[in-house]
Amino acid sequence: MSKLWGGRFTKQTDELVEQYTASISFDQQLAEEDIQGSLAHVTMLGRCGIVPQEDVEQIQQGLAQVLELIRSKEMVYSVSDEDIHMNIEKKLIELIGPVGGKLHTGRSRNDQVATDMHLYLRKHVVIFVELLSKLQIALMEQAKANYDTIVPGYTHLQRAQPILFAHHLMAYVSMFERDIERLQDSYKRINTLPLGAGALAGTTFPIDRHDVAEQLGFDRVYENSLDAVSDRDFIVEFLSNASLVMMHLSRLCEELVLWSSTEFQFIELDDAFCTGSSIMPQKKNPDVAELVRGKTGRVYGNLMGMLTVLKSLPLAYNKDMQEDKEGMLDTVSTLDGALRLFAPMIATMKVNRDRMRQAVRQDFSNATDIADFLVNKGLPFRQAHEVIGKTVLYCIQKNVYLLDLSLEEFKQFSPLFDETIYAVLQPEQVVNARNVYGGTATVQVQAAVGRASEALNRTEAWLHEHENKF
Ligand code: ARG
């Protein structure tokens, strides 16, 4: 059989053109969605009396056979059939004869491909919400095991104030919560059906778009046929949401790399999540964390690529839009790989509490608390800051820490100091003094974990509603 669109042509397509314009090498990943959409479309054609019921049944059976070939990897794709849509249609006609040619009635590849992409992303957004919630669970379990682990908190990567390690981990739970919310919000727009828009203007056949929407579980149909076939906002939105997830992961990766270094020794990643060196026998490298950090770049690149493809594109479909797929598919597999590794990597991470504790002892991260102590005694904060700055300088010159100073020494800097200063400077006290909503005090972190568990329940309910729906 020649090309499905061959009628108007008198010459064969140049072989290089065929190769250059084909998308089958990558859009075969949309095969299941393509058949899912076709089954709903042909069912509707039957219900609307556009295609006789016996033909509809033949086509449905034929599509089921094609699906089997695809699943058993027996399907042979051909570049000369350009893309997944024409490869499937051609195979259908090959299997059931010319009646297969009725499938494309009232449809264009333009609304077909858009439908495939919506179906594909809809499925993956649900998977990502689930993977993100599993990562949140791993982080929260580590947080719960570390309510009493105190670690220096940093600004400028300089020790700033002591915090609970649990508090640090819960910051990431909050980030991933926003990611989940964004993905859930994008689902509304992804779950809109383009099919029925035809090539761009609609169709002359009396189709029922809402019937197809209902069969496929779409909440609504596109309002405008031109917009339906031209819209790739939902892909940009996905790539942008994926970029934020990767950015969050990359920040955590950076911390894991730092924390597992000999200089820090705050954590140890499980052997199963590290690799060795081919030359240096002592090495245990945090490759997964590094690679996720590195792969963030390609996801940002995919976002930029998609935005640039769409810039200034006139309505409606343009072949440029075929470039929407590789970046999206690559992003889906990159994110999927990262998230699947991350949850167990966090769950198996060993936390070196003693080392963290030691780090807090040997620093000035309790300096703010002495300033606050003087403020509570009536000194304006700015003056207290100056007094403690001098006290810290004195300690640095003497090579000691604040807790090492005698009361006489403290009093040289301010007569407001008394015995109670030593209790104020203890790391537990410093941490628990920050008893403000969202702060690092143990009770606050426990409350935060409680709220995060409630959010997790809401995510689970959402997943229950959206998972494996079709
Ligand atoms: N392979 C094409 C794509 O991915 C399908 C749509 C083709 N439409 C067309 N008018 N050539 O964009």
Side-chain angles (χ1 to χ4, degrees), residues 2-9 12-38 41 66 70 75 77-93 101 103-124 190 192-204 212 222 224-236 238-239 302 305-333:
S2 61
K3 294 227 184 289
L4 290 177
W5 42 253
R8 186 226 176 277
F9 290 77
Q12 295 274 314
T13 316
D14 183 281
E15 212 179 297
L16 283 177
V17 171
E18 262 188 356
Q19 278 167 23
Y20 194 71
T21 55
S23 51
I24 188 61
S25 64
F26 48 88
D27 67 12
Q28 53 182 272
Q29 290 182 62
L30 303 172
E32 298 248 351
E33 285 73 20
D34 199 68
I35 289 183
Q36 196 185 353
S38 287
H41 177 68
V66 181
I70 290 165
M75 175 85 173
Y77 295 109
S78 144
V79 168
S80 71
D81 292 326
E82 205 177 311
D83 56 25
I84 187 62
H85 325 294
M86 291 198 293
N87 269 270
I88 288 178
E89 192 180 328
K90 196 119 172 238
K91 179 54 82 185
L92 177 71
I93 295 170
L103 169 63
H104 211 52
T105 310
R107 183 175 81 170
S108 155
R109 275 186 295 155
N110 298 349
D111 55 350
Q112 186 181 355
V113 70
T115 303
D116 292 3
M117 302 284 275
H118 279 269
L119 286 169
Y120 181 88
L121 266 189
R122 184 175 78 178
K123 179 173 80 189
H124 285 281
I190 294 173
T192 306
L193 176 73
L195 206 68
L200 73 163
T203 171
T204 58
V212 178
Y222 271 88
N224 179 292
S225 62
L226 280 107
D227 184 43
V229 290
S230 312
D231 176 33
R232 295 294 183 271
D233 296 2
F234 67 103
I235 298 178
V236 172
F238 167 69
L239 295 172
N302 292 335
M306 187 73 254
L307 281 169
T308 313
V309 165
L310 293 173
K311 180 185 176 295
S312 315
L313 264 195
L315 301 186
Y317 178 83
N318 300 270
K319 187 73 168 180
D320 313 43
M321 289 161 74
Q322 184 167 285
E323 286 292 303
D324 61 358
K325 287 175 203 61
E326 284 157 292
M328 181 199 73
L329 294 167
D330 179 69
T331 300
V332 165
S333 65

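Atoms within a ligand are numbered from 1 in the order they appear, just like the ligands themselves. Worth knowing before you read on, the calculation uses all heavy atoms, side chains too, and leaves out hydrogens, waters and symmetry mates.
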Protein contact of [atom] - nearest heavy atom, named by residue and atom, plus distance:
atom                    : result
atom 5 (C) of ligand 1  : D83 OD2, 3.5 Å
atom 10 (N) of ligand 1 : N110 OD1, 3.1 Å
atom 11 (N) of ligand 1 : R109 NH2, 3.4 Å
atom 12 (O) of ligand 1 : Y317 OH, 2.4 Å
atom 2 (C) of ligand 1  : Q322 OE1, 3.3 Å

Requested in this report: Check whether any side-chain N or O of D81 sits under 3.5 Å from a backbone N or O of N87 as a donor-acceptor pair, and report yes or no.
Outcome: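 Checking the backbone N and O of N87 against the side chain of D81, no donor-acceptor pair under 3.5 Å is found.
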Query raised in the report: So, does N318 use its side chain to make a donor-acceptor pair with the main chain of A316 at under 3.5 Å?
Result: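 Side chain of N318 to backbone of A316: a pair is present.
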Under 4.0 Å to a heavy atom of [X] - the qualifying atoms of ligand 1, by number:
X    : result
K325 : 3 (C), 4 (O), 12 (O)
V113 : 4 (O)
S23  : 1 (N)

Query raised in the report: Does NZ in K319 sit with more than 12 non-hydrogen atoms of other residues, nucleotides or ligands closer than 6.0 Å?
Result: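 Check passes, neighbour count above 12.
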**Report entry** Side-chain ion pair, E82 and R109, N-O less than 4.0 Å
**Finding:**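 A salt bridge is present here (some side-chain N lies under 4.0 Å from a carboxylate O).
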Query - Residues forming a side-chain contact (heavy atoms from CB on, under 4.5 Å) with L315, sequence neighbours excluded - result: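 For L315 the side-chain contact (heavy atoms from CB on, under 4.5 Å) partners, ignoring immediate neighbours, are L226, S230.
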Query raised in the report: With I88, which of I70, L103, L30 fulfils side-chain contact (heavy atoms from CB on, under 4.5 Å)?
Result: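 Single side-chain contact (heavy atoms from CB on, under 4.5 Å) partner of I88 among I70, L103, L30: I70.
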